[in-house]
Amino acid sequence: MQPAVATEYFVVLSAVLFIMGVLGVLVRRNAIMIFMSVELMLNAANLSLVAFAQQWSNMGGQLIVFFVITIAAAEVAVGLALIVAIFRTKKSIDIDELNAMQG
Amino acid sequence: MEVIASFVPLVVILPFAGALLNLFLGRYLSEKLIGALATTAAALAFAVAAVMTVGITAHGYEAVVVNPPILDSWIYIPSAAIDIPWQMRVDTLSLTMMLVVTGVGTLIHLYAIGYMHGDPRFARFFVYLNLFLGFMLILVTGNNFLMMFVGWEGVGLCSFLLIGFWFDKKHGEGWKNSNAARKAFIVNRVGDFGLLLAIFLIFWTYGTLDYYKPNEVLHIGGEKAAADVLVREGGDGIAHGQKGVFAQTEAWLAEGGHIVSFGVFELPFETVVTLITLFMLIGVTGKSAQIPLFVWLPDAMAGPTPVSALIHAATMVTAGVYLITRNSVLYHAAPLSAALVTVVGAATALMAGFIALGQWDIKKVLAYSTVSQLGFMVAAVGIGGYAAGMFHLITHAFFKALLFLGSGSVIHAMEHGHHHAHAHHESEHGEESHGHADHAHEEAFDPQDMRNMGGLARRMPITFVTYLIGTLALAGIFPLAGFWSKDEILGKAFNAAFIDGKLEGFAMLGLLLAAAGFTAFYMWRQIKLVFLGVPRTEAAAAATESSPSMTIPLLVLAALSIFGGALNIPLGVNSVLVIGVLFITAGFWLLWALPSVRLFFIGRAEPVTSLPSLKPAFRLIALGSAAAFMLSGAAIILVPSLGASYPLETLVLWLEHSVPYTKGLTLNPFLAILALGIGIGGILLAQRVYSPAPLAEGNQDVLEIRPDTRPAFQLANAKLYWDETYGRLIEQPYNRAAAWLAHKLDWEFWHDRFHHTVFRDFYKRAADFIATPVDRGAIDQGFLRIGRAVAQAAARLRTVQTGYVRTYVFTMLFGVVLVMLILLLPLLRQ
Amino acid sequence: MLDLGGMNIGATFPALSLALGACILLIVDLSVPKERKEITLALALIGVGVSFVVTLLSLGERSTAFMGMYIADAFTGLMNLIVLAATFIGLLIAYDYLQRTGMNRGEYYPLLLMSAAGAMFMASAGDLVTLLIALELLSIPLYVLSGFRRPDLRSEESAMKYFLLGAFSSGFLVYGIALMYGALGTTNLGEIFARVQAEQYVSPALLLIGTALLLVGLGFKVAAVPFHLWTPDVYQGAPTPVTAYMSVTAKVGGFAALLRLMTLALPTFTIGALPEVAPEQTILVHAAWQDTVAILAALTMILGNFVAIAQRDIKRLLAYSSIAHSGYLMMAVAAAGTFAVTGDEFGTPILSLSIAEEALRGALIYLAAYAFTNIGAFAVGMAVERNDATGTLLDDFAGLGRTQPLLAGGMSIFMLSLIGIPLTGGFVGKWFVFFSTLNAGLTLLALIGVLTSVVSAYYYLRVIVKMWLEYGEGEASAPPRLTGAVAFCTVATLIIGILPTVVASLAEGVTLALLR
Amino acid sequence: MEKNDMLINVVLFSPLVGIVLLLIMGQRREERIKWVALVSSLVTLAFSLVLLGAFDPSKAEMQLENLGEWFSLGNYTVSYYVGVDGLSILLVLLTAFIMPLAILFSLYHVKERVRLYYSFLLLLEFAMIGVFVAQDLFLFYVFWEVSLVPMYFLVGIWGSEQRIYAAVKFFLYTMAGSILMLLAILWMGNYFGTFNVMAIKAAVEAAAGTPQGAFPSAVTELLLFLGFFIAFAIKVPIWPLHSWLPDAHVQAPTAGSVILAGVLLKLGTYGLVRFNLGLFPQMSVTLAPIIGVLAIIGIIYGAWVSYAQTDVKKLVAYSSISHLGFVVLGIFALNAAGISGATLQMVNHGISTGGLFLMVGMLYERRHTKAIDAFGGVWKVMPVFSGLALVITLSSMGLPGLNGFVGEFTILLGTAGSPVLGVLFAFFGTIGVILAAVYLLYMWNKVFMGEYRAPVAEHGAFALAPAAGGGHEGEGEDVHAAGEAHGHDNHGAEGGNPYTPLTWNELTALIAVVIAAFVIGLYPRPFFGYMDASVGATAAELARYIPADATAQSIQAE
């Protein structure tokens with residue numbers, strides 16, 4: 001089965017998304033925004049996984065996507081909880097203010 | 001003979017036994033008993049030596065090698081083919097030395113009992129003396145170079161111990177003594193260094209250190225054929241059947257063209273022998289106080305006087321002469337070294353004689369005189385006059401021991417006189433202190449300074465008479481012992497110069513004749529300063545004659561100084577011994593059995609308050625020593641009557657049996673008269689110069705006053721600046737370099753600077769660098785900056801605050817890039 | 001496709017039982033009153049015990065489950081034992097600390113067990129997916145535990161950092177998996193091996209980038225330089241029992257995954273064809289990723305050791321020390337990248353992975369020794385720490401040798417073991433690791449390794465100096481549970497050091513042959 | 001061949017039994033603890049004497065072996081392989097001999113943390129004996145490193161003011177060297193497929209004739225040689241790697257110094273003989289001149305530097321550098337004489353320098369200072385002690401008749417005839433003999449001779465005996481002399497005479513040293529006998545590597 005769109009396009013797109021995610025982590029200072037950027041990275045991976053599954057014509061890739069989504073969900077749960085906790089203490093979720101420890 | 005010679009370990013063991021006994025029991029024994037023990041040990045050793053002398057004479061002078069019981073091999077390493085046994089050699093040379101050492105030693109032991117009376121470390125003194133005898137006897141009896149070296153170093157040790165014996169004297173004297181002791185040891189070590197190197201060379205040249213192998217017959221002057229060499233049984237890896245050092249030398253010389261390989265290089269045999277003998281010469285200059293290593297001997301006078309007499313005049317310092325004599329084969333094979341030995345000896349003789357002219361200390365004069373006389377001996381053996389050198393060694397042992405003991409008697413008397421006078425003045429100082437270490441409360445007074453003396457002849461007649469005999473003997477006045485031996489040496493020089501045409505012979509002759517003149521001059525100056533004239537201090541005026549235990553040895557030695565020359569005049573060694581022994585025994589009994597005779601000697605002096613009574617222990621010494629002497633005398637007389645016979649012998653003939661290349665007697669009437677003239681001339685000149693008063697105003701020497709002799713005197717008085725030169729050239733640079741090395745280089749630089757700055761600080765800095773600028777800085781801050789830039793680029797309006805997470809992210813990104821780059825690099829390269 | 005026989009659930013029992021135990025504990029704990037939390041502790045310990053027994057029972061077996069996604073072999077067994085022992089000790093030492101610092105909340109124990117189960121799964125991963133899931137199972141509870149000291153800012157901060165960076169790194173891991181999948185069409189490690197060897201991949205670049213991203217993701221977990229910066233902050237901020245546990249389990253898990261990946265899937269990954277071999281000739285070939293790992297290892301060893309010198313806080317010191325030890329383990333990983341190619345009589349190349357096997361064994365023994373040593377060291381640090389989380393400076397150890405000789409003695413042995421002094425486990429581990437590194441032909445790396453261990457001696461000795469040679473108050477709270485745990489760790493460290501046979505025989509079973 | 005001799009295990013492990021006994025005893029029973037330690041060390045001594053009795057001197061190879069597998073991994077087996085040969089038996093004995101002396105001295109002087117102290121001492125003994133008997137590289141390395149730890153603690157806990165610095169320096173320095181050796185060992189194990197020293201040696205010897213030799217390349221062999229050499233050189237220490245030594249020695253407690261000088265430094269020299277010479281004969285031959293130069297520098301430098309010291313202990317410490325220079329020189333003379341001498345000198349140095357440190361310790365315990373200038377005239381107040389100390393000093397100086405001479409002489413003799421070093425080396429080495437006299441007599445003079453200096457009772461700067469007017473040395477003689485006389489007569493009265501007589505344990509220790517010095521000095525034959533076969537074999541093996549044109553043709557070999 002010939003895919004409608006060549007796999008390469010998907011891969012490039014996912015790479016762009018991934019790099020956007022990385023840059024997002026890099027430049028954002030709001031913890032939630034960073035978190036969202038990480039999600040973007042994961043989803044970029046998901047995209048390429050699906051594309052590759054298409055390419056290889058097996059279900060492995062799509063299977064992995066489900067796991068990744070689950071993991072992302074678990075991370076979100078824990079991550080948001082942590083953000084809430086730190087917000088209670090610090091009244092801020094600016095990651096640039098996380099500098100209590102220096103060494 | 002084997003049986004008699006196998007007693008030789010006893011000669012060594014006896015003094016050691018005496019030393020050990022006194023070491024452990026000394027604190028429980030009385031002074032007399034300690035002295036008796038030590039003296040008996042020495043006397044018994046003498047007796048054994050005497051018996052062996054008889055034995056060896058009776059058996060045709062055949063040398064015997066003895067393996068002592070228990071300690072057979074000393075350094076025995078089969079895999080390295082090293083077998084150095086504790087092996088002893090009895091031959092005429094070693095016996096001569098044994099007799100001198102034990103004979104003179106016994107007398108000095110006896111003397112020391114009186115001299116050291118009251119010293120808090122009386123027992124230890126005798127321990128050291130006995131120890132010294134033991135080591136000296138090892139030196140002379142060993143059959144290999146290493147045993148000789150043991151003795152060599154051992155006597156050095158004892159010398160060190162005895163020079164520093166009064167290490168705790170007050171007023172800084174103790175430090176002076178200690179430093180003198182140290183100086184002696186270290187300078188001797190320099191000599192030992194040469195000797196050790198010689199030994200190494202000998203071993204790798206010959207594969208053995210033995211003089212002669214057992215059963216190897218000496219072959220003299222290449223005339224007798226080398227004997228068959230005994231091959232020992234046993235497969236222990238030692239190469240057997242090799243020859244001893246001397247026989248091998250002869251063999252190689254005869255063969256010619258032998259090359260010695262030392263592993264990394266090769267040398268012709270003759271060169272090797274020259275090297276060996278030159279290194280040996282270093283040892284000789286150390287031990288026998290020759291230029292350039294003589295500087296320790298004058299300082300060594302810090303020791304008690306018996307020590308000076310025994311070690312630093314009669315025995316130890318002659319070890320170098322013995323060494324060269326023992327190695328006559330080698331020196332014969334190395335003319336260059338022999339010439340050097342000659343020149344060194346002759347130069348030393350003159351140089352020391354000159355310095356002796358300007359000394360004030362009674363013992364220093366004798367010390368330089370000893371150096372000078374040792375120069376005579378060394379020059380003699382250097383020119384090939386081995387017997388002459390040995391002859392002078394023996395006679396010098398007699399008269400120089402006599403002179404030292406005499407000076408000891410004087411010093412002793414001066415100290416007591418000083419104390420006596422002092423007690424008169426300050427009668428409140430009632431406390432009777434005795435000995436040498438406890439004069440702390442008295443003002444500084446130098447009992448050895450001749451300027452403090454004068455007129456002692458009247459106060460100390462025995463001392464004076466014996467001292468006079470010694471002086472005349474030393475000056476070489478006919479017919480005293482010194483005349484014969486000195487003449488013999490000069491004769492050798494004369495022959496070498498005019499018959500063999502050796503250049504060093506001329507040099508030697510000239511130097512020695514001049515030295516002989518100096519000798520007579522400085523000795524007579526001493527007589528004038530010490531004994532003649534009027535007392536110059538209260539101490540001198542109050543001096544009294546010393547006790548019999550001190551004067552008897554003086555008498556005996558005086559007798560020997562008179563008759564000692566007979567050893568080498570063809571009267572025969574036996575007759576000399578008989579005469580000597582009879583004289584000695586007679587002396588004993590005269591002095592003790594006939595108090596009236598003693599009064600005859602002493603009576604003209606100040607009224608003697610109390611004559612020391614004969615304490616039982618003292619009697620024991622007298623009996624013991626006398627018995628030993630009697631025994632040996634009897635043996636000499638009895639042996640022939642038992643059927644054995646020995647021919648009339650001179651020392652030369654006697655030594656010929658063990659010293660190859662011993663040259664015969666050289667009586668040269670012309671030279672004898674010349675030397676005698678020089679000696680008498682020296683005395684007369686001194687008499688003229690130092691009359692009427694030996695000292696000018698301000699206690700200055702007459703020569704010091706006269707402008708024409710003033711520089712020379714000052715030069716002599718300053719000892720030619722040897723010490724200063726050494727101090728400036730060696731000692732100070734060494735010390736400075738040591739301090740620099742230790743404190744600057746090793747500690748400040750290597751230990752502190754290098755290890756702290758370079759290692760530790762670098763380490764720390766590296767750690768800090770990696771921790772702070774790199775880990776938290778370049779990585780952290782650097783990425784922070786990049787992050788800031790990126791953030792600014794991304795969100796221009798926002799100001800970025802410090803934040804770690806971001807920089808961590810950046811670092812990780814950097815890592816990602818890094819990892820990818822490294823991984824993809826090969827691919828990219830393709 | 002759903003072949004139940006192929007599931008072979010039995011093989012997963014060790015990890016499964018622990019995970020199950022954690023779930024049960026979570027529920028049971030609800031009914032345990034706050035002041036009786038020792039019940040929870042006891043239950044947790046029982047859970048670990050059960051899992052331990054199950055592991056022991058299945059130790060000899062070699063099987064796969066879930067269609068090759070799960071592997072149970074000697075490697076798994078040994079890793080499981082290490083994790084379980086660390087968990088057991090981690091639980092034991094935590095209780096009193098939690099009690100006295102007032103954060104003895106029940107969820108601590110199930111979270112810990114969950115994380116341990118994650119580490120165990122990681123050691124059993126036979127597929128990249130399993131690996132990913134196990135990693136998250138290991139990590140997510142640790143994020144929570146790091147922030148367990150609520151509402152302490154430092155603790156929360158460390159949790160936040162750990163979480164954000166952890167998630168970020170998982171992004172790379174996932175993307176890496178995606179690329180691997182894209183390159184090979186499979187995520188099964190055995191399949192990957194086969195296809196790599198047969199050169200059945202789309203493009204080497206894709207595979208290389210995938211490998212790189214996987215290395216980044218796992219490198220973060222094991223705190224390899226330059227992915228290490230979170231370590232000191234998190235170690236310092238997290239409650240000490242968590243740090244203690246984390247320093248061991250996260251590392252064991254991370255290395256389990258890394259070793260699995262590198263030795264099972266990619267050991268023979270070279271770009272281009274194998275070099276020619278003459279008959280009867282053996283040459284060593286280096287995998288494409290070896291240099292990268294070696295450089296990371298060198299950087300990690302150098303940086304970790306040097307930076308540790310500058311530390312004054314024991315937790316930070318141990319953090320950098322653990323970074324440094326990651327370096328040594330990375331060295332073993334690098335060594336696993338060398339394989340031998342022997343030509344048979346016709347010159348056909350035959351591959352031998354014996355060097356990789358050796359490196360694997362070495363790493364395992366190293367991990368075993370490291371686990372006991374490090375957790376013991378943290379336990380002592382915990383004893384010295386005060387209730388308000390201060391007292392973690394090196395100076396606080398001064399005089400400990402006089403007041404608490406047992407703790408100080410144990411600590412000294414841990415330090416010596418970390419230096420690598422013989423008769424301690426650390427030495428045996430280093431011995432094997434260096435040995436395999438040399439065997440693999442990485443002499444320079446081994447040289448860096450030994451030199452940095454000298455550097456490490458400096459800061460480890462400082463701890464000993466503080467305890468024994470300097471004077472101080474030496475205050476410490478040493479309840480019996482903690483003391484017992486320290487004693488146990490000491491004995492274990494020494495046993496591994498003196499009788500390495502115990503671990504060596506377990507490691508002996510580790511091969512790369514059968515399950516492929 | 002039977003390789004299950006238990007005797008050697010008994011010797012090796014008997015100190016551990018002592019430690020176990022100490023550990024099960026109560027912490028507070030200090031009185032008993034020290035006796036148990038003493039007895040334990042004496043038992044080890046007794047066992048090692050039995051071992052000596054069982055030793056067959058005629059055999060060159062390893063004997064009384066015990067071989068068993070320790071653990072294995074993959075193809076490599078690490079074995080527990082212990083045994084002695086002529087090179088090691090005397091050092092085992094030395095260790096067993098020095099340890100009781102150290103403990104004897106400590107009996108009344110160590111009062112702090114007694115149990116720990118003696119445990120460390122015995123652990124040290126265990127490790128040191130282990131180094132000498134281990135015949136497996138792994139095992140050797142284990143003992144080698146383990147010996148570091150107790151010494152570190154001994155210096156660090158019971159040392160003087162700068163103890164921490166010294167201890168850490170000691171540890172790091174030694175470890176830096178040994179870690180390179182670890183690499184070399186690992187490489188060897190990998191290359192030869194075994195860690196068994198004898199097996200590797202056999203392999204090396206077997207490859208002697210082959211063109212490529214035992215190692216892949218000369219550079220490899222050089223690096224391996226250096227790996228071992230640097231480790232040993234630091235331990236010895238060979239100049240210029242000596243900087244840790246003065247620190248460690250000066251700061252260590254007396255027993256620590258005694259053991260450090262007595263045995264620990266011998267670990268290095270022993271390693272040089274056993275491993276550098278045994279496993280790398282070719283490289284040893286090649287590098288011998290260079291190492292010889294280092295040894296010579298060490299001899300002269302050590303002697304020179306020690307002369308300028310103001311601290312007795314430091315002086316003795318530097319003297320070790322000089323003395324061990326001789327040992328290294330002998331070893332790299334590469335002939336039987338040199339190696340025999342060096343091996344004996346290891347023992348001798350242990351005895352003499354151990355004795356010197358005992359002496360310094362005894363002085364320190366009385367005066368609480370180590371400054372040379374603070375002493376003077378000790379001979380007068382402590383005659384027995386001084387007499388024994390004199391013998392020890394002389395033995396260190398190499399006086400014939402005492403042990404030091406036999407070793408030094410044989411070493412220098414060997415050096416002079418060495419096929420690789422030669423007379424020039426012997427020449428410079430012999431200069432060291434002179435310099436030894438210089439610094440030792442300096443020490444002896446300043447401390448034992450000269451006028452007696454009574455210390456001031458009060459704390460504060462050292463001064464001469466208090467005189468009424470505060471007399472200055474060299475001036476005010478009368479006042480001063482009165483004070484001196486007073487101080488002399490009544491020492492013990494005011495302020496107390498610090499020079500208390502020797503206690504029985506100190507006396508015993510010193511006498512043991514002195515007796516050993518005399519026995520070896522007068523009759524070294526049995527000692528050479530024990531090592532002869534092994535040394536001969538080593539030298540013969542080395543001779544194969546020495547180019548024929550440079551081989552020493554000693555005369556008797558013709």
Side-chain angles (χ1 to χ4, degrees), chain A residues 7 10-11 14-15 18 21-22 25-26 31 34-35 37-53 55-61 63-68 70-72 74-79 81-83 85-90 93 95 97-103, chain C residues 1 127-130 132-133 135-137 139-141 143-144 146-147 150-154 156-168 170-188 202 206 213 232-234 236-237 307 310-313 316 319-320:
Chain A
T7 315
F10 287 107
V11 175
S14 86
F18 187 79
V22 169
V25 173
L26 207 59
I34 290 176
F35 200 41
S37 303
V38 171
E39 290 297 312
L40 194 59
M41 288 164 70
L42 292 180
N43 284 321
N46 284 345
L47 179 61
S48 56
L49 275 170
V50 176
F52 284 131
Q55 165 94 7
W56 288 103
S57 318
N58 67 18
M59 299 298 284
L63 190 85
I64 298 171
V65 171
F66 286 108
F67 281 113
V68 174
T70 318
I71 286 166
E75 281 190 346
V76 167
V78 171
L82 282 171
I83 290 171
I86 205 160
F87 184 75
R88 276 198 201 143
T89 316
K90 212 174 161 146
I93 50 170
I95 52 142
E97 289 169 24
L98 299 183
N99 54 4
M101 284 161 292
Q102 306 191 13
Chain C
M1 191 113 188
D127 192 292
L128 292 177
V129 180
T130 335
L132 176 67
I133 297 166
L135 187 79
E136 292 300 324
L137 185 57
S139 302
I140 293 174
Y143 302 151
V144 179
S146 298
R150 277 189 290 124
D152 180 84
L153 184 63
R154 302 208 311 178
E156 285 172 348
E157 237 187 72
S158 79
M160 194 67 205
K161 276 182 191 170
Y162 194 21
F163 166 70
L164 284 178
L165 293 167
F168 183 59
S170 343
F172 286 101
L173 190 73
V174 172
Y175 203 73
I177 292 172
L179 293 184
M180 293 292 278
Y181 175 71
L184 294 159
T186 180
T187 50
N188 184 288
V202 174
L206 205 55
L213 293 180
D233 288 0
V234 173
Q236 192 186 5
V307 179
Q311 302 309 318
R312 293 286 173 275
D313 183 292
R316 285 188 88 84
Y320 278 105

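Each chain gets a letter, A, B and so on, in the order its sequence line appears, and its residues count up from 1.
For a residue to count as touching a neighbouring chain, one of its non-hydrogen atoms must lie under 4.5 Å from one of that chain's; by this rule Ala53(A) touches chain C with backbone and side chain alike. Contact annotation for Ala15(A): both backbone and side-chain heavy atoms come within less than 4.5 Å of a heavy atom of chain C. With a 4.5 Å cut-off on non-hydrogen atoms, Val174(C) touches chain A through its backbone and its side chain both. Residue Thr70(A): no heavy atom, backbone or side chain, is found under 4.5 Å from chain C. For Ser170(C), the parts lying near chain A are the backbone and the side chain together; criterion is any non-hydrogen pair under 4.5 Å.
Per-residue heavy-atom pair counts under 4.5 Å with chain C were compared for Ala51(A), Ala31(A), Ala45(A), and the maximum is reached by Ala45(A). Comparing Gly61(A), Ala72(A), Ala77(A), Gly21(A) by heavy-atom pairs within less than 4.5 Å of chain C, the highest count is held by Gly61(A). Note on Asp152(C), Asp313(C), Leu132(C): by heavy-atom pairs under 4.5 Å with chain A, the leading option is Leu132(C). The choice from Val68(A), Val38(A), Asn43(A) that makes the most heavy-atom pairs within less than 4.5 Å of chain C is Val38(A). Between chain A and the residues Ile177(C), Asn188(C), Leu184(C), the most heavy-atom pairs under 4.5 angstrom are made by Leu184(C). Ranking Gly171(C), Gly182(C), Ala167(C) against chain A, the residue ahead of the rest is Gly182(C), based on heavy-atom pairs under 4.5 Å.
Put simply, the side chain of Asn58(A) gets close to the backbone of Gly185(C): a donor and an acceptor are under 3.5 Å apart. In terms of modelled atom types and a separation under 3.5 Å, the side chain of Tyr181(C) and the main chain of Ser48(A) share no donor-acceptor contact.
Using a 4.5 Å cut-off on side-chain heavy atoms (C-beta onward), Thr187(C) and Ile64(A) make contact. Proximity of Phe52(A) to Leu179(C): side-chain heavy atoms (C-beta onward) are separated by under 4.5 Å at one or more points. Using a 4.5 Å heavy-atom threshold, the side chains of Leu164(C) and Val25(A) count as separate. At least one side-chain heavy atom of Ile83(A) sits less than 4.5 Å from a side-chain heavy atom of Met160(C). You'll find the side chain of Tyr175(C) stays beyond 4.5 Å of the side chain of Val22(A), heavy atoms only.
Closest heavy-atom contact between Leu82(A) and Ala159(C): CD2-CB, 3.7 Å.
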Pair Glu75(A)-Ile140(C), side-chain contact (heavy atoms from CB on, under 4.5 Å): steps then yes or no
CA-CA 7 Å; Glu75(A) 281 190 346; Ile140(C) 293 174; 4.0 Å; yes
